[in-house]
Q: 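Sharing a structure below in structure tokens format, with a few things to ask.
We name chains A, B, ... by the order of the sequence lines, and we start the count at 1 in each one.
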2 protein chains.
Amino acid sequence: MDRAHMDVKRRRVAKGGQAERAGSRDPERTRASILAAATAEFAENGIGGARVDAIAERAGTNKRMLYHYFGDKEQLYLAVLEEAYIDIRTAEKSLNLSDLSPEQGVAELAMFTWKYFLEHPEFLSLLGTENLHRARWLRQSTRLKELHSHFIDKLADLLDRGKAKGLFRVDADPLNVYLTIAALGYFYLSNQHTLTTIFGRELADEANLEAWKRHIVQVTLASIRR
Amino acid sequence: MDRAHMDVKRRRVAKGGQAERAGSRDPERTRASILAAATAEFAENGIGGARVDAIAERAGTNKRMLYHYFGDKEQLYLAVLEEAYIDIRTAEKSLNLSDLSPEQGVAELAMFTWKYFLEHPEFLSLLGTENLHRARWLRQSTRLKELHSHFIDKLADLLDRGKAKGLFRVDADPLNVYLTIAALGYFYLSNQHTLTTIFGRELADEANLEAWKRHIVQVTLASIRR
DNA sequence: CCAGCCAGTAACTAAACGGTTACTTTGTGG
DNA sequence: CCACAAAGTAACCGTTTAGTTACTGGCTGG
């Protein structure tokens, strides 16, 4: 056999759109590939419906590696959840609300959140799964408790500026504002399949998505304006 | 054995709060008991996590009866889903919006929806599960397609009365109003576990629940008022 | 009054599942 | 250059799972 002489340091190029498959002898990539495959599998099937064999196959590797890197199915799920939260909080950091007027800042936060939810359906799905289990894994996670919401403070500052200018109600609460934004986006997207089936409006159509984004901004601002 | 002489037509009284157990020789009750047990099991664990054995045990019967009445696990899930939708639409019929002023009517609908969600966590959970699977079973269901939303029409009438009086914006859309009400209630309750963990506010506290109900009413009205 | 049918039980089965074992391959430092 | 550790493979294992079989008990109508 001369297979040993081939494939030296040559790495497979990831095919567009698909999760990267594990390369040979590249632990970093194998780990990442398993995590990506697990994210998709857990998001599509929930924790009870996800299959360890399916994850290994999607990752282009085998179960042994999955257990090698992540311990067991539950720890792998936790790693997926942690990564998902870290990703959104990291993305939120790119928002610079302090440069904007209070109204623009709230509008920007609402549009950012909407866009993030729209582009990351797997995040919404994982949230749903985690809540089904009453945040059992999230509560365990030490990593995520620290993550907290430094970001609620930034929103509080924004609201305070608006209150000082007499634009916003003095009782406007930052967590309530965020919950309002998140609720309107989350429900529309995560429940779109049952809603579309029952009410017969194609919620996923471009025009409807755009209209709902405007609706979120309008509603959020209306709820805090004096 | 004289077991045969006991238990004649004597039926077990359901214990408070718990799902009724199947009685002997009472097909109606056995069926209902399996359905109640399945509702709880699917709501707690999702479709992939629900166990047929667990359902049979919770129902106080055995698997054979479950397959006898419902065919298989998926058909049982569909029966649970159908019942859950029929229950909420039936409850909605008790709302008499036409007797109220437009503003009172919208407020009443919002409070009704909130109360229903609060008292039926299993319904929220089943919605989440069904959406995870892209409404796969709901779309199959012929029973539910007919159910539709006769109720959106009643809301449209209410809005029209408000528009005629110059109270509501002429572009206020009934489906959007309902989505707004449902979104704010659904997200707060179904995601309460992750939200409470991350943001450290006990969303399930009585005072917070009451405040959020008022928030929903206020936000909904603010979004349609001229 | 009993034949037949329906409710109900328990033990079983084949397949799928999460997790492990025994093994091979390969890059790297002494 | 080779010993060793880490990466990777595939076949395997015990358990759990959805679904079935073979059976019992008892109500009902002819």
Side-chain angles (χ1 to χ4, degrees), chain A residues 1-12 20-35 37-38 41-42 44-80 137, chain B residues 1-12 20-35 37-38 41-42 44-80 137:
Chain A
M1 284 187 217
D2 51 9
R3 269 170 73 260
H5 298 282
M6 299 161 57
D7 248 359
V8 184
K9 282 281 171 195
R10 206 185 305 148
R11 279 164 191 172
R12 293 176 202 157
E20 292 188 357
R21 310 202 104 225
S24 307
R25 292 269 130 189
D26 189 337
E28 211 85 344
R29 164 166 291 195
T30 300
R31 215 194 105 100
S33 161
I34 292 170
L35 203 58
E41 178 75 8
F42 283 121
E44 283 169 27
N45 305 298
I47 199 154
R51 296 290 162 250
V52 168
D53 295 80
I55 293 170
E57 199 185 331
R58 290 174 93 139
T61 180
N62 59 68
K63 283 195 285 184
R64 183 66 183 74
M65 289 295 95
L66 189 155
Y67 286 96
H68 179 53
Y69 288 113
F70 295 97
D72 63 13
K73 188 185 179 183
E74 297 204 4
Q75 284 176 268
L76 175 56
Y77 168 76
L78 180 57
V80 164
W137 286 274
Chain B
M1 283 191 216
D2 51 9
R3 269 172 73 261
H5 297 281
M6 298 160 56
D7 248 0
V8 184
K9 282 282 171 197
R10 204 185 306 148
R11 276 161 194 175
R12 293 174 203 160
E20 292 186 359
R21 310 202 105 223
S24 306
R25 290 268 131 191
D26 190 338
E28 209 85 345
R29 164 165 291 196
T30 300
R31 213 195 108 99
S33 160
I34 291 169
L35 203 59
E41 178 74 9
F42 283 121
E44 283 169 28
N45 304 298
I47 198 153
R51 296 289 162 251
V52 168
D53 295 82
I55 293 170
E57 199 185 331
R58 291 173 92 139
T61 181
N62 58 69
K63 283 194 288 185
R64 183 64 184 77
M65 289 296 93
L66 190 155
Y67 286 98
H68 179 53
Y69 288 114
F70 296 97
D72 64 12
K73 187 185 178 182
E74 298 203 3
Q75 285 175 266
L76 175 56
Y77 168 77
L78 180 57
V80 163
W137 286 275

Q: Given dG8(D), is OP1 or OP2 found less than 4.0 Å from the side-chain N or O atoms of Thr30(A)?
A: yes
Q: Find the distance Asp53(B):CG to dA18(D):P and express it as a whole number of Å.
A: 6 Å
Q: Lys73(A) and Tyr67(A): which non-hydrogen atoms are nearest, and at how many Å?
A: N-CE2, 4.4 Å
Q: In whole angstrom, what separates Glu57(B)'s CD from dA10(C)'s C1'?
A: 14 Å
Q: Give a yes/no answer on whether the side chain of His68(B) brings an N or O atom under 4.0 Å of OP1 or OP2 in dG8(C).
A: no
Q: Are Asn62(A) and dT9(D) close enough that a side-chain N or O sits under 4.0 Å from OP1 or OP2?
A: yes
Q: Starting from P on dT17(D), measure out to CD1 on Ile55(B) and report it in whole angstrom.
A: 12 Å
Q: Grab the NZ-P distance between Lys73(B) and dT17(D) for me, whole Å please.
A: 9 Å
Q: Within the 4.0 Å heavy-atom criterion, would you say Ala50(B) contacts the bases, only the backbone, or no part of the nucleic acid?
A: sugar-phosphate
Q: Grab the CE-C1' distance between Met65(A) and dG18(C) for me, whole Å please.
A: 16 Å
Q: Answer whether the closest heavy-atom distance between the side chains of Leu35(A) and Tyr69(A) falls below 4.5 Å.
A: no
Q: On DNA chain C, compare the nucleotides closest to Arg31(B) and Arg51(A); which residue's is nearer the 5' end?
A: Arg31(B)
Q: Considering only heavy atoms from C-beta outward, does the side chain of Phe42(A) approach that of Ile55(A) to under 4.5 Å?
A: yes
Q: Rounded to whole angstroms, how far apart are CZ on Arg29(B) and C1' on dG8(C)?
A: 16 Å
Q: Among the nucleotides dG19(D), dA22(D), dT9(D), which one has an atom lying closest to any side-chain atom of Arg64(A)?
A: dT9(D)
Q: Between Ile34(A) and Ala59(A), which heavy-atom pair has the shortest distance, and what is it?
A: CA-CB, 3.8 Å
Q: Please give, in whole Å, the distance from dG19(C) C1' to Tyr69(A) OH?
A: 18 Å
Q: Think Tyr67(A) has a side-chain N or O under 4.0 angstrom from the OP1 or OP2 of dT21(C)?
A: no
Q: Mark yes or no for whether Glu41(B), through its side chain, and Val52(B), through its backbone, hold a donor-acceptor pair below 3.5 Å.
A: no
Q: I want to verify a distance call: between dT9(C), dG18(C), dG8(C), whose nearest atom is closest to the Thr61(B) side chain?
A: dT9(C)
Q: Taking OP1 and OP2 of dG19(D), is either one under 4.0 Å from a side-chain nitrogen or oxygen of Lys63(B)?
A: no
Q: As a test of reading the structure: which of dG18(C), dG19(D), dA7(C) is closest to the side chain of Pro27(B), going by heavy atoms?
A: dA7(C)
